[in-house]
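These notes concern the structure reproduced below.
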Amino acid sequence: MKLNDTARFSTVCIHAGQEPDPSTGAITVPIYQTSTYVQEGLGQHKGFEYGRTQNPTRMALEANVAAIEGGIAGFVFASGMAAIDTLLTRLESGDHLVVSDNTYGGTFRLFERVRRKFGLDFSYVDTSRHDLIDAAIIARTKYLFIETPTNPMLRITDLRAASDLAHQRNVRVIVDNTFASPYIQRPLDFGADIVVHSTTKFLNGHSDSVGGIIVLRHQDDAEWMKFVQNAAGAILGPMDSWLVLRGTKTLPIRMERTNANAQTLAEYLASHSRVERVIYPGLPDHPHHTLAKRQMRGFGGLISFDVGSVDRAREVLGRFRLMSLAESLGGVETLISHPAIMTHASVPPERRAAIGITEGMIRISVGIEDVEDLREDLEQALR
Ligand SMILES: *Cc1c(COP(=O)(O)O)cnc(C)c1O
């Protein structure tokens, strides 16, 4: 199966990187659960030497997601955090990054508690404001690290404008695209240099694997990341690679349903008398609604809303029947969480307050169940 260059998004999701198995014709890439490969003679092999260095299932997933994001190469890792950490190996001690201030809690923890020790320096700004990005870039800045939409405030950064600005200052742009998924936005199309994902979320989509991927557009980045993937060895195993590969085939139809369900529930919550505030980029009162409409295909599956206090949040969260109280997002099942106590517990309280994460805030990762069942569950929990 050779995909032609004009193949459209859904076709790419299903077919890119996936040749029928050469020995049997199996239509799905097999799980090559092997640590090594028998060589025909000294220095004679089929391009496969050792499981950390090459694995056909993993390489099929890498080619698949690289094509989905429109990059030249992709490399998968044992988790999203391992993927993000690998990106930092491109830097030297003394280098500086400008980072979205409302970035994923685990990213903040990695940067501040682990990598700062090795001489990297980070400034956190609201990257939806270009004046703030511009002011934060200094001579030592190597990367602008953007998350859009952010978690859980769902602020949107204009990827084209931010990339243009960074490039004028000789800074490369990394986008953590986990929250949107490439169905909703492809950062490389807007000028970004590197995309990173926790595949744990929408790409896998079935809440049954933890993993990460980086997708590159420059040859120099691709060569280094390939080297580090093998040298440091935080690879994704064959079984998990296969699960994500299964997930990406249905990404477009899952995201269409996710978008539709989330829009319906956000509008329902916005009209509810016991909800103080709803944050969803698809609502006209969202501060970046116009930008989101231009940059994103649909507004995604995350909704944040405020029920007023931590006590009320606790009460509401205890009543859900269909939605499950859990961290993570992007699966077929709807999950609810309390950012201040759960996902953002590692962010200091004063930083949480500055970003706007309140004690009464609840986040929903909308799944693809029947939206009427989801709405009824919200209704009985809020009553
Ligand atoms: C989950 C997540 C990560 C970390 O990924 P893991 O697979 O949990 O290591 C990074 N960024 C964002 C935006 C995430 O949602």
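Whatever order the structure lists them in is the order used to number ligands and atoms, beginning at 1. All figures in this text were calculated on a predicted structure; none of them were measured in a lab. Quick note: residue numbers are just sequence positions, from 1.
- Those atoms of ligand 1 that come under 4.0 Å of a heavy atom in Gly80, given as number and element, are 5 (O), 6 (P), 7 (O), 9 (O).
- Distances shorter than 4.0 angstrom do not occur between any heavy atom of Asn151 and any atom of ligand 1.
- Residue Leu243 holds its CG atom at 9.5 Å from NE2 of His206, rounded to the nearest 0.5 Å.
- His289 has its ring centre less than 6.0 Å from the ring centre of Phe299.
- Proximity to Gly211 (heavy-atom distance under 4.0 Å) selects the following atoms of ligand 1: 7 (O).
- Note on Tyr183: it does not cluster hydrophobically with Val332, by side-chain heavy-atom contacts below 4.5 Å among ILVMFWY residues.
- The shortest contact between atom 4 (C) of ligand 1 and any protein heavy atom is with Tyr104 CE2, 3.5 Å.
- With ligand atoms numbered from 1 in the order given, ligand 1 contributes 13 (C) to contacts under 4.0 Å with heavy atoms of Glu147.
- The closest approach between a heavy atom of Ser328 and any atom of ligand 1 is not below 4.0 Å.
- Counting heavy atoms only, Thr200 comes closest to atom 7 (O) of ligand 1 of the residues Thr200, Ile84, Asn204.
- Taking the six-membered ring where the residue is Trp, Tyr124 and Phe122 present parallel rings, their angle staying beneath 30° rather than reaching 60°.
- For atom 2 (C) of ligand 1, the nearest non-hydrogen atom of the protein is Lys201 NZ, 2.6 Å.
- By the 3.5 Å distance cut-off applied to N or O atoms, Met81 is counted among the residues near ligand 1.
- Taking the six-membered ring where tryptophan is involved, the planes of Tyr37 and Phe48 are tilted, since the angle between them lies from 30° to 60°.
- Interface of Asp176 with ligand 1, defined as ligand atoms under 4.0 Å from a residue heavy atom, comprises 10 (C), 11 (N), 12 (C), 13 (C).
- Between the His338 side chain and the Glu359 main chain, a donor and an acceptor come within less than 3.5 Å of each other.
- A cation-pi arrangement is found for Arg351 relative to Phe108, the charged atom lying closer than 6.0 Å to the ring centre and inside a 45° cone about the ring normal.
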